[in-house]
2 protein chains.
Amino acid sequence: MKLTSKGRYAVTAMLDVALHQNVGPVCLADISERQRISLSYLEQLFSKLRKAKLVNSVRGPGGGYRLAIAAVDISIGAVIIAVNDSVIATQCKGEKPCTPSGRCLTHSLWNDFSKKMQDFLDSVSLGELMANSEVIAISKKQNMVQGLQNDILHTNQLG
Amino acid sequence: MKLTSKGRYAVTAMLDVALHQNVGPVCLADISERQRISLSYLEQLFSKLRKAKLVNSVRGPGGGYRLAIAAVDISIGAVIIAVNDSVIATQCKGEKPCTPSGRCLTHSLWNDFSKKMQDFLDSVSLGELMANSEVIAISKKQNMVQGLQNDILHTNQLG
DNA sequence: TATATACTTGACTAATTTACTCGGGTTTGA
DNA sequence: TCAAACCCGAGTAAATTAGTCAAGTATATA
């Protein structure tokens, strides 16, 4: 599992699709403009995302991409793995049985962590992020209204 | 937050120190041999780990590195950040107020995730990994003993 | 004090990956 | 038909990784 800006681009783009797909397929040109990612790079990323069955493509004018499944069913981990083709082969798999002086143990400890990491990334979905943000947005809005009301009250009391 | 093989090397090396420091400071040459990481590369990594106050160095013959604090107090996140000097500056920080058409929202969603990720990495410590592994090791040992006993019983019954 | 051990630092480099460009396709709605 | 959009592969500059080399400096110990 690798986590670089490539994965960030992919997740960002997927979030963009999730946010805009209610008005039909989302075309890459729009994502490119909104998220400032080069069109050709997006093409490469979406080629992989499509092969991973995370999005469906609609060709021709008015076409674009749609999520292949619900946003809540798409994990961040799946998106990141989809665009990082080379799976890191960390563990000393058979070739030379690892010096008994500690290498295997350290590797197995790293694998423990790697597994935890994977589980974590699989447990967070695009949909969850969006839902969280809605809650926060609503809460912020309420605070603003509250603040405004306080201001009005305050003004009234003073004036 | 970036997660590449550089971070893996750093965590692996720190685990090696944690596992061997009971017999005094651990020198880089030993880590290099056990974990198959080039000495010079380890020097670079430990220079950063030392600056991050995660290890202390002991110079001269018999010297090496020690954890600066207890293994349970060193998070994987801290180790990874220590060796990745360039913090990814994802968020559109002020420069141009982000097109209102969606960029800011997507970025803030990514930041939500990034925060979760950071919290997760901060929540796992070197010590925790080691403790887990001990439990697993003991359990494996018991299984082996059990298996051996079964073999003996079986042999006796047949012979 | 001499000396070997081991950390410290910085400059340099090959290999790899990332992020991107270019130039062509193909599909399809209007 | 035509233009919008996906599709595909080759190529490439920039960045990063992983590593080398060559000097140091500090210090335990003989």
Side-chain angles (χ1 to χ4, degrees), chain A residues 1-13 17 20-21 23-33 35-52 54-68 80 82-90, chain B residues 1-13 17 20-21 23-33 35-52 54-66 68 80-90:
Chain A
M1 173 64 67
K2 247 184 328 183
L3 187 59
T4 64
S5 44
K6 191 177 197 173
R8 191 182 73 239
Y9 281 137
V11 172
T12 302
V17 172
H20 294 93
Q21 69 174 350
V23 291
V26 183
C27 75
L28 295 188
D30 289 355
I31 301 177
S32 172
E33 203 202 327
Q35 308 303 331
R36 301 294 152 88
I37 306 170
S38 93
L39 183 57
S40 310
Y41 198 40
L42 281 174
E43 284 177 349
Q44 285 179 39
L45 295 178
F46 274 82
S47 165
K48 289 179 176 174
L49 292 170
R50 192 173 60 91
K51 278 170 191 158
L54 296 178
V55 293
N56 290 327
S57 66
V58 181
R59 301 179 73 154
Y65 289 92
R66 266 188 238 272
L67 299 188
I80 289 172
V83 297
N84 288 282
D85 28 26
S86 72
V87 176
I88 293 184
T90 323
Chain B
M1 174 62 68
K2 247 183 328 182
L3 187 59
T4 63
S5 42
K6 191 177 196 173
R8 191 181 74 239
Y9 282 138
V11 172
T12 302
V17 172
H20 294 93
Q21 69 175 347
V23 290
V26 183
C27 74
L28 296 188
D30 288 354
I31 302 177
S32 172
E33 203 202 329
Q35 307 305 330
R36 300 293 152 87
I37 305 171
S38 93
L39 183 57
S40 311
Y41 199 39
L42 281 174
E43 285 173 350
Q44 283 178 41
L45 296 178
F46 274 82
S47 165
K48 288 179 178 174
L49 292 169
R50 194 174 60 91
K51 279 171 190 155
L54 296 178
V55 293
N56 290 327
S57 68
V58 181
R59 303 180 72 153
Y65 290 91
R66 263 189 237 273
I80 290 173
I81 283 179
V83 297
N84 287 282
D85 29 24
S86 72
V87 176
I88 293 184
T90 323

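Since we're looking at a predicted model, the values are computed, not measured. Letters go in sequence order (proteins before strands), and every chain restarts at 1.
- B/Ala29 pairs by the side-chain contact (heavy atoms from CB on, under 4.5 Å) definition with B/Cys27, not counting sequence neighbours.
- Regarding contacts with the backbone of C/dT18, a side-chain N or O of A/Lys2 is found under 4.0 angstrom from either OP1 or OP2.
- B/Glu43 meets the side-chain contact (heavy atoms from CB on, under 4.5 Å) test with B/Leu28, B/Leu39, B/Ser40; sequence neighbours excluded.
- The nearest whole Å value for the distance from the CD1 atom in A/Ile37 to the P atom in C/dT21 is 12 Å.
- One atom, CZ of B/Arg66, and another, P of C/dC7, lie 12 Å apart when rounded to the nearest Å.
- Rounded to the nearest 0.5 Å, atoms CD (A/Gln35) and OG1 (A/Thr12) are 6.5 Å apart.
- The CG atom of A/Leu3 sits 14 Å away from the C1' atom of C/dT18 (whole-angstrom rounding).
- By the side-chain contact (heavy atoms from CB on, under 4.5 Å) test, B/Tyr9 is found to be paired with B/Ile37, B/Tyr41, B/Leu45, residues two or more places apart in sequence or in another chain being considered.
- Rounded to the nearest 0.5 angstrom, B/Arg36 CZ and B/Ile31 CD1 are separated by 14.0 Å.
- To the nearest angstrom, C1' of C/dT16 lies 14 Å from CG of A/Asn84.
- Residue B/Tyr65 has its side chain nearest to C/dC7 when only D/dT17, D/dA5, C/dC7 are considered.
- Between B/Gly63 and B/Arg50, the residue whose closest nucleotide on DNA chain C is further toward the 5' end is B/Gly63.
- Of the possible donor and acceptor atoms, one in the side chain of B/Asn84 sits under 3.5 Å from a partner among the backbone N and O of B/Ile80.
- Distance from the side chain of A/Tyr9 is smallest for C/dC20 among the nucleotides C/dT18, D/dG19, C/dC20.
- Scanning for side-chain contact (heavy atoms from CB on, under 4.5 Å) contacts around B/Arg59 gives an empty result, with sequence neighbours left out.
- Taking atom CG on B/Leu42 and atom C1' on D/dT17, their separation rounds to 14 Å, with Å as the unit.
- Among the protein residues, B/Phe46 comes within range of no part of the nucleic acid, since none of its heavy atoms lies under 4.0 Å from any strand.
- The distance from atom CG of A/Asp30 to atom C1' of D/dA5 is 11 Å, rounded to the nearest whole Å.
- In this structure, A/Ser57 reaches the D/dC7 phosphate: one of its side-chain N or O atoms is under 4.0 Å from OP1 or OP2.
- Each of B/Pro61 and A/Ala29 was matched to the nucleotide of DNA chain D holding its nearest heavy atom; the match closer to the 5' end belongs to A/Ala29.
- One can place CG of A/Leu28 at 12 Å from C1' of D/dA4, the figure rounded to the nearest angstrom.
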Could you list all N or O pairs between the protein and nucleotides 20-24 of chain D that sit under 3.5 Å apart?
none

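- Atom CG of A/Leu45 and atom C1' of C/dT17 are 14 Å apart (whole Å).
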